[in-house]
Protein chains: 2
Amino acid sequence: MSEKKNSNGRMGRPRGFDEDAALEAAMRVFWEKSYDGATMSELTAAMGINRSSMYAAFGDKEQLFRLAVERYAVGQMSYLHAALREKSFKEVVRAALKGMVEFLSTPGNPRGCLSVQGALATSAESESVKQMMVEVRKQGELALRKRIQEAKKDGEIPADINPSDYARFFSLIVAGLAVQSVNGATRAEMQRSVEILLGLLNYQT
Amino acid sequence: MSEKKNSNGRMGRPRGFDEDAALEAAMRVFWEKSYDGATMSELTAAMGINRSSMYAAFGDKEQLFRLAVERYAVGQMSYLHAALREKSFKEVVRAALKGMVEFLSTPGNPRGCLSVQGALATSAESESVKQMMVEVRKQGELALRKRIQEAKKDGEIPADINPSDYARFFSLIVAGLAVQSVNGATRAEMQRSVEILLGLLNYQT
DNA sequence: GTACATCTGAAACGATGGGTCCATAAAGAA
DNA sequence: TTCTTTATGGACCCATCGTTTCAGATGTAC
């Protein structure tokens with residue numbers, strides 16, 4: 001949100017905080033505590049602003065969450081988008097899984113994945129948020145499916161493979177890793193989980 | 001909890017509801033809405049009793065949840081315990097994964113798995129519950145590890161396989177399936193995810 | 001400077017959270 | 001019956017929820 005003039009061409013008092021930094025802070029609170037579990041008091045405290053400023057800048061809790069999820073998908077998940085651009089499908093899989101493991105065990109990051117635990121099971125009043133997160137996860141699956149379709153055209157993977165099924169399978173792996181992370185699995189442990197899969201796929205180094 | 005006499009050998013007014021049925025109802029509410037997301041009002045309404053009776057019979061919300069999780073682990077997860085008793089390891093894996101898919105797509109069941117979504121990311125005050133669920137999941141992993149160790153002794157799986165790693169890997173698959181279920185995956189879709197894995201393992205029918 | 005627009009801080013809003021109280025009901029024991 | 005014990009219903013508790021309000025602060029435009 002850049003500088004705005006109102007209908008009279010006048011401006012008012014400028015923002016006294018960094019929206020970007022505030023949203024980053026909010027994202028991490030949602031990441032750790034989920035949508036329902038994060039309170040406005042915790043959020044605004046972490047953002048370093050008060051309630052009024054938050055409501056003026058971001059709308060309400062649900063809109064703040066949506067913005068946080070967008071930021072997460074673009075920023076924190078960048079290694080996944082990068083992985084999709086690897087030349088061979090084998091490298092796509094290797095980069096995505098290795099990247100995910102590193103991400104899930106990065107010190108300073110909350111455990112787990114916002115896309116999975118942000119709103120997996122919710123209170124009745126947060127059902128729309130839960131549904132939104134389903135769509136976010138399906139969106140990730142879709143991006144992978146497209147990459148698989150390319151790989152199939154290139155003959156990198158067997159012709160009898162259904163790209164939708166294959167994409168769903170790898171999404172399952174990523175979600176499973178996220179739960180492992182919450183379980184407290186170390187980086188080495190998660191790496192060994194990935195090695196098992198890469199071995200089955202004949203995708204080892 | 002059967003009939004009890006107090007210290008004087010006297011009895012009082014008997015329970016006016018079926019504890020078992022009430023706990024079953026509570027379990028399903030937690031299953032659908034998670035620990036934080038389920039309110040006492042929703043719980044007692046589903047249980048068909050009022051707050052006083054609930055607190056007298058089950059303690060508080062956290063104890064009710066613990067009892068619900070126990071019930072879930074024994075009742076709903078029975079097919080997993082049964083799968084562990086299959087003769088060959090191949091049959092263990094096949095029965096567990098097929099059973100999980102059926103379970104996760106049973107009409108009338110909430111979507112997903114209580115063990116995964118009951119308290120994956122929580123409010124600050126529910127952290128002990130979150131930790132308890134980590135232990136529950138690790139317990140499942142442990143049971144599988146023991147079965148894998150047997151299979152290894154019997155020479156059913158390669159000697160260079162680490163049972164802990166292998167158990168963690170399969171737990172990952174199960175958790176991933178649970179997320180797929182929340183995503184709205186159909187039974188057929190989840191079955192195809194499992195088929196892909198069974199194919200990689202050379203465990204097809 | 002004055003006028004206007006926006007932001008900020010703190011207090012307050014009604015609703016709902018989990019949990020408790022207490023008068024009454026319903027049983028067995030004496 | 002009477003006594004004792006436990007269960008029940010519903011009002012009630014206080015804390016906290018997300019959100020709003022508003023007076024004052026702080027900026028730009030004229």
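Atom set for the values below is all heavy atoms of this structure, side chains included, hydrogens, waters and symmetry mates excluded.
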Parallel, tilted or perpendicular: rings of B/F169 and B/Y166 (30°, 60°):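 B/Y166 vs B/F169 ring planes: parallel.
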
Taking distance alone, no hydrogens or angles, what donor-acceptor pairs closer than 3.5 Å link side-chain atoms of residues 72-85 of chain A to residues at least two apart or in another chain?
from	atom 1	to	atom 2	distance (Å)
A/Y72	OH	A/L114	N	3.1
A/S78	OG	A/G75	O	3.0
A/H81	ND1	A/M77	O	3.2

Listed nucleotide nearest any side-chain atom of B/F17, set D/dG27, D/dT8, C/dG18: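 Nucleotide nearest to B/F17's side chain: D/dT8.
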
Among C/dT8, D/dG18, D/dT8, the nucleotide that comes nearest once only the side chain of A/R15 is considered: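 Taking heavy atoms from C-beta onward, the closest nucleotide is C/dT8.
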
Can you tell me the distance, in whole Å, between the [atom1] atom of [X] and the [atom2] atom of [N]?
X: A/R13; N: C/dA5; atom1: CZ; atom2: C1'; value: 12 Å
X: A/D60; N: D/dT19; atom1: CG; atom2: C1'; value: 9 Å
X: A/F58; N: D/dT19; atom1: CZ; atom2: P; value: 14 Å
X: B/Q63; N: C/dG19; atom1: CD; atom2: C1'; value: 13 Å

Nearest heavy-atom neighbours spanning B/K61 and B/D36: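 So the minimum-distance heavy-atom pair works out to NZ-O, 3.9 Å.
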
Side chain to side chain donor-acceptor pair (under 3.5 Å) between A/R94 and A/T205, worked out: CA-CA 9 Å; A/R94 287 171 43 80; A/T205 318; 3.2 Å; yes

Sub-4.0 Å heavy-atom contacts from residues 47-55 of chain B onto DNA chain C, ordered by number: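 Residues of residues 47-55 of chain B that come under 4.0 Å of DNA chain C are, in numerical order, B/R51, B/S52, B/Y55.
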
Are side-chain heavy atoms of [X] and [Y] found at a separation under 4.5 Å?
X: B/M133; Y: B/L120; value: no
X: A/E195; Y: A/K98; value: yes
X: B/R137; Y: A/Q180; value: no

A/F103 ring center within less than 6.0 Å of A/W31 ring center: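 Yes: the rings meet the under 6.0 Å criterion.
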
Residues within residues 27-43 of chain B bordering DNA chain D, heavy-atom distance below 4.0 Å: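 Residues of residues 27-43 of chain B under 4.0 Å from DNA chain D: none.
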
DNA chain D: 5'-proximal contact among A/E62 and A/P14 (nearest heavy atom):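 The residue whose closest nucleotide sits nearer the 5' end is A/E62.
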
